[in-house]
Amino acid sequence: MARKAPISSKKRKSASRKKPPDAEVTAKEDFVWTRKDLLGLDELSPHEILHILDTAESFREVSTRSIKKVPALRGKVVGLLFFEDSTRTRMSFELAASRLSADTILFSAKGSSVSKGETTLDTVRNIEAMGVDVFVVRHSESGAPHLLARQVQASIVNAGDGAHEHPTQALLDIFTIRQKLGRLAGVKVAIVGDIAHSRVARSNILGLRKLGAEVTVVGPPTLVPNAITSMGCRVSHSLDDVLGEVDVINMLRIQFERFGGGLFPSLREYSRLYGLGGQRLAKCKNNVLIMHPGPINRGVELTSEVADGPNSCILRQVANGLAIRMAVLFLVSQR
Amino acid sequence: MEASGVMNNILIRNGRVIDPAAGRDEVCDVLLAEGVVQAVGRVAQADAKGAEVIDATGKIVSPGLIDLHVHCREPGHEEEETIATSAAAAVQGGFTTIAAMPNTHPPADDETAINYVHQRSAEARLARVLPVGCITRGREGKELAEIGLMREAGAVAFTDDGEGVADATLMQRALQYASMLGAPILQHCQDPSLFGGVMNSGPAAVRLGLGGVAASGEEIMLRRDLELVERIGARYHVQHVSSAGSVELIRQAKAAGLPVTAEAAPHHLLLTDAACMEYDSNYKVNPPLRTAADVEAVRAGVADGTIDCLASDHAPHAAEEKALEFALAPFGIISLDCALGLYARALIETGLCDWPRLIEAMTAAPARVIGSDLGTLRKGRPADVTMIDPKKRWTVDVSKFASLSRNCPYDGWRLTGRAVMTIVAGEIKYQTS
């Protein structure tokens with residue numbers, strides 16, 4: 001299995017010419033992955049991020065074969081630990097593991113031992129004792145994968161922890177941007193919505209900044225902490241102000257439970273101020289990319305016209321997610 | 001090494017005797033007899049016949065150190081700490097007196113609970129453990145506890161520590177009532193409606209995706225309380241000051257002549273919220289670790305006397321609880337065993353304080369807060385003495401703590417300065433070479 005970047009390096013070089021010198025990042029052909037875990041993009045170097053993207057590029061082809069399977073992880077066991085509900089991320093990882101010929105076991109917290117008062121750590125140690133090589137962990141608490149990574153031998157892949165990080169989602173978002181625009185340096189990205197509680201936003205900000213993109217987060221002050229600027233992004237409270245200048249708009253899903261906390265007055269008001277419909281789309285660049293991590297609240301973040309329109313790359317994101325997760329499972333298993 | 005032999009007379013020779021309450025800082029001798037200080041100064045051999053002689057050359061001889069903020073966990077969580085084990089940790093750390101916070105299970109909110117602390121302390125015969133009572137019944141913040149009866153039973157102060165008293169009317173009544181008794185109210189300043197997180201709010205919390213607790217929640221309650229104190233004139237003590245804003249509010253209140261005192265904990269003198277970046281719950285504490293500017297302000301507050309006392313907020317927790325996810329793990333750090341060296345690191349090694357000021361903050365000042373005759377080596381006072389080797393270099397090793405818990409982020413720290421002998425009521429309770 002190819003571990004080097006099969007993507008044309010020529011293409012990336014031409015894009016990188018426009019970058020400021022400090023953002024000059026290209027994949028190293030002789031790069032060797034050494035990490036046991038993928039906990040977040042915060043800890044990754046730009047080279048490591050590019051290496052994942054390039055590895056994913058080589059795995060994309062597998063999905064086009066009639067027999068969509070490679071033996072890369074034959075004999076390995078991937079434990080999918082979903083301490084928090086998820087459908088698409090779980091299915092994506094599950095399919096990624098099986099395309100690599102790994103065996104998978106699934107744990108989901110509903111009705112499991114967690115409800116009997118067992119700690120996360122005990123649950124995972126017990127499952128590890130069955131002989132698991134890689135754990136894919138989704139958890140409602142920030143830092144849960146870090147806690148596990150310190151205590152278990154198996155690799156830990158963070159599939160979303162609390163409001164902290166969702167590295168594979170950001171990797172597939174970044175992968176999709178690079179695929180569509182042919183570059184990352186200098187690309188202007190707006191991330192719109194509940195930034196305060198979004199792991200997707202954090203991972204995207206970190207990853208995009210490391211690769212030289214510019215990021216503006218957009219939302220009301222109750223959903224956008226000022227301190228987020230310490231991660232290298234700009235803050236705007238007006239979607240209309242940023243529409244015309246960005247190449248990518250990533251619309252985050254609004255969690256309905258946020259109403260109870262009073263973080264914004266009503267869905268109607270939110271949708272009017274921060275929703276993306278045809279009128280706002282008309283003010284954007286012609287080739288603007290519209291992204292959404294799913295599941296979409298149609299009529300809230302995006303109108304159907306926009307979600308299903310020519311600028312939307314939402315389904316492309318999902319397809320790319322599979323390649324990214326194959327790449328990540330493959331890389332952490334190589335140590 | 002621990003010793004608890006009964007000895008009537010001890011002569012401590014040739015130490016640097018620092019007794020801030022008496023204005024003393026000189027190399028001399030201290031004679032202890034029958035549980036009280038017999039003489040301080042040049043003591044002739046003839047006056048100390050039969051006394052055990054301890055050479056304190058090169059050492060500091062201090063009044064026994066007092067820690068006004070210790071969670072003994074008994075009754076209710078004896079697997080984490082007991083009155084006896086916290087008293088043992090105290091003497092190992094050089095503390096001869098500790099004040100037991102009332103947030104036990106059940107909370108110490110009546111005279112029976114106060115008497116229980118006295119009884120367990122007397123059985124342990126290590127450090128003196130002074131009971132502190134709840135301000136409100138059940139520590140629920142709804143109605144006054146029997147403050148008067150607890151005071152009669154010997155409660156030295158009152159607090160709902162762990163939480164502040166949120167209701168302004170109730171706080172007003174507590175201050176009024178306590179002022180009648182001459183008892184101090186100790187407040188954990190935190191507006192509960194602004195307590196939405198697990199660490200300081202700021203860039204670190206945002207990056208970690210953890211809920212933040214802003215300093216404003218501490219300062220808003222402090223401002224409100226200072227308004228009440230100004231009207232009522234009750235003795236009011238601010239626990240574990242964590243923010244630069246709080247230090248400034250206390251400074252102004254003192255300048256205005258309000259009867260306000262305050263304490264600072266080792267972690268707010270040494271650590272910032274950046275320590276939470278690895279999700280290590282040993283850095284999860286309430287009030288939370290804040291910014292470098294806050295640490296600097298709290299240090300300066302101790303140095304200029306705005307913050308009167310040093311108090312550990314020793315808060316033991318079982319290892320399995322601290323092994324939970326950061327947001328689910330309980331708040332608290334233990335440091336009673338090593339607090340003295342930590343204070344020296346934060347205040348002596350930085351040049352902000354000298355030993356007399358540091359010792360004042362652990363002796364005369366806390367004694368003043370609770371109106372105690374402890375905390376000084378004046379003739380006739382209880383023979384509580386801490387001998388400190390200010391040059392001793394040592395490494396914090398939590399496995400050697402007398403505390404039952406291990407939730408200490410200082411494990412492995414190299415410190416300078418520690419207690420080498422702890423004497424309570426004329427008996428040597430702890431000594432090390």
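The chains referred to below are lettered A, B, ... by the order of the sequence lines, with proteins before strands, and numbering in each begins at 1.
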Parallel, tilted or perpendicular, as decided by the 30° and 60° cut-offs, for the rings of B:His188 and B:His240: perpendicular
Neighbour count above 12 (heavy atom, 6.0 Å) for A:Asn226 CG: no
Full working for side-chain contact (heavy atoms from CB on, under 4.5 Å) between B:Leu270 and B:Trp413: CA-CA 12 Å; B:Leu270 288 164; B:Trp413 280 37; 4.0 Å; yes
Chain B contact via A:Arg150 - which portion, at a heavy-atom distance below 4.5 Å: side chain
Chain A contact residues among residues 315-336 of chain B, heavy-atom distance under 4.5 Å: B:Ala323, B:Leu324, B:Glu325, B:Ala327, B:Leu328
Aromatic ring proximity, centroids under 6.0 angstrom, B:His314 and B:His69: no
Side chain to side chain, B:Gln187 and B:Gln239, heavy atoms closer than 4.5 Å: no
Approximate separation, where rounding is to 0.5 Å, of A:Leu147 CG and B:Glu278 CD: 12.5 Å
Axial cation check for A:Phe93 ring with A:Arg325, 6.0 Å and 45° limits: yes
Residues A:Phe107, A:Phe83; criterion ring-ring contact (aromatic ring centres under 6.0 Å, His included); working and verdict: CA-CA 8 Å; A:Phe107 168 92; A:Phe83 293 93; 5.1 Å; yes
Residue pair B:Tyr283 / B:His267, side-chain donor-acceptor N/O under 3.5 Å: no
Test log, rule salt bridge (Lys or Arg N to Asp or Glu O under 4.0 Å), inputs A:Glu165 and A:Arg202: CA-CA 6 Å; A:Glu165 282 222 47; A:Arg202 282 173 179 73; over 6 Å; no
Contacts of residues 198-226 of chain B with chain A (heavy atom under 4.5 Å): B:Gly202, B:Pro203, B:Val206, B:Arg207, B:Leu208, B:Gly209, B:Leu210
Under 4.5 Å from a heavy atom of chain B, the part of A:Asp42 involved: side chain
Portion of A:Leu148 that has a non-hydrogen atom of chain B nearer than 4.5 angstrom: neither
